[in-house]
Amino acid sequence: MSRVEEIEQAIGQLPPEEFRKILAWMREREEQLWNEQMERDASSGRLDFLIDEARQEALLGLTKEWPPSE
């Protein structure tokens with residue numbers, strides 16, 4: 001049995017309250033990993049194309065003010 005399968009089996013045996021605690025921890029961990037990846041991508045220039053696209057759309061008049069003025 002793999003390590004993941006062992007973990008899945010153990011989680012499957014948890015009472016609901018403990019399962020929810022594990023679930024909350026996993027969601028926080030996933031968010032942390034996502035944020036770290038985004039930071040690495042931004043720092044390395046991998047997201048620069050988004051800035052270029054936004055500038056091009058602004059030049060073409062396709063952007064809107066945010067937050068919208070009332």
Side-chain angles (χ1 to χ4, degrees):
M1 181 180 304
S2 74
R3 188 172 175 192
V4 171
E5 290 170 332
E6 290 176 19
I7 293 168
E8 288 173 343
Q9 186 177 31
I11 289 173
Q13 296 173 3
L14 291 173
E17 184 177 316
E18 291 181 1
F19 172 77
R20 284 189 288 277
K21 287 177 76 172
I22 292 290
L23 185 59
W25 177 85
M26 291 186 75
R27 287 177 175 157
E28 289 173 17
R29 179 70 175 131
E30 180 181 33
E31 184 177 343
Q32 176 189 10
L33 292 172
W34 171 260
N35 289 338
E36 290 171 359
Q37 181 65 54
M38 290 297 289
E39 184 62 38
R40 283 192 301 274
D41 289 349
S43 296
S44 71
R46 291 183 69 186
L47 302 178
D48 288 355
F49 74 97
L50 294 171
I51 295 169
D52 296 338
E53 285 180 14
R55 286 183 179 144
Q56 184 64 28
E57 289 179 5
L59 287 172
L60 295 172
L62 301 174
T63 58
K64 296 179 182 177
E65 184 178 325
W66 185 256
S69 57
E70 294 183 44

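All values below come from the heavy atoms of this structure, side chains included, with hydrogens, waters and symmetry mates left out. This chain uses plain numbering: 1 for the first residue, then up along the sequence. Just so you know, these numbers come straight off a predicted model, no measurement behind them.
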Chemist: Does some side-chain heavy atom of Glu39 sit less than 4.5 Å from a side-chain heavy atom of Asn35?
Modeler: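 In short, these two side chains do not touch, never coming nearer than 4.5 Å.
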Chemist: Got a sec, which residues hit side-chain hydrogen bond (donor to acceptor under 3.5 Å, both in side chains) with Arg29, two or more places apart in sequence or on another chain?
Modeler: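 With sequence neighbours excluded, Arg29 shows a side-chain hydrogen bond (donor to acceptor under 3.5 Å, both in side chains) to Gln32, given in chain and number order.
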Chemist: Please determine whether the number of non-hydrogen atoms from other residues, nucleotides or ligands lying under 6.0 Å from atom CD of Glu30 exceeds 12.
Modeler: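 No.
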Chemist: Do Met38 and Leu33 land in one hydrophobic cluster if side-chain heavy atoms of ILVMFWY residues count as linked below 4.5 Å?
Modeler: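 Result: no, two separate clusters.
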Chemist: With side chains defined as the heavy atoms from C-beta onward, is the minimum distance between Leu14 and Lys21 less than 4.5 Å?
Modeler: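 A side-chain contact is absent here, since even the closest heavy-atom pair is not under 4.5 Å.
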Chemist: Does CD belonging to Glu31 count more than 12 external heavy atoms closer than 6.0 Å?
Modeler: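 Counting other residues, nucleotides and ligands, CD of Glu31 stays at 12 neighbours or fewer.
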Chemist: Is a side-chain N or O of Glu5 found less than 3.5 angstrom from the main chain of Ser2, in a donor-acceptor match?
Modeler: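 At least one qualifying donor-acceptor pair exists.
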Chemist: Cluster question for you: counting only ILVMFWY and a side-chain heavy-atom cut-off of under 4.5 Å, with indirect links fine, are Ile22 and Val4 together?
Modeler: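 No, no single cluster joins them.
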Chemist: Can you name the side-chain hydrogen bond (donor to acceptor under 3.5 Å, both in side chains) partners of Gln37, sequence neighbours left out?
Modeler: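 Scan of Gln37 (side-chain hydrogen bond (donor to acceptor under 3.5 Å, both in side chains), adjacent residues dropped) gives Arg40, Asp41.
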Chemist: Apply side chain to side chain contact (heavy atoms under 4.5 Å, CB included) to residues Glu8 and Ile11 and explain how you reach the verdict.
Modeler: CA-CA 5 Å; Glu8 288 173 343; Ile11 289 173; 5.8 Å; no
Chemist: Between CE of Met26 and CZ of Phe19, what distance do you get to the nearest 0.5 Å?
Modeler: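 Separation between the atoms: 9.0 Å.
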Chemist: Do Pro15 and Glu17 have side chains that get closer than 4.5 Å, going by heavy atoms?
Modeler: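 The answer is no; the side chains never approach within 4.5 Å.
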Chemist: Heavy-atom count around Glu53 CD within 6.0 Å, excluding the residue itself: above 12?
Modeler: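 More than 12 within 6.0 Å, yes.
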Chemist: Indicate if Ile7 and Trp25 have the same hydrophobic cluster label, given that clusters are the connected sets of ILVMFWY residues with side-chain heavy-atom separations under 4.5 angstrom.
Modeler: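 Yes, one cluster joins them.
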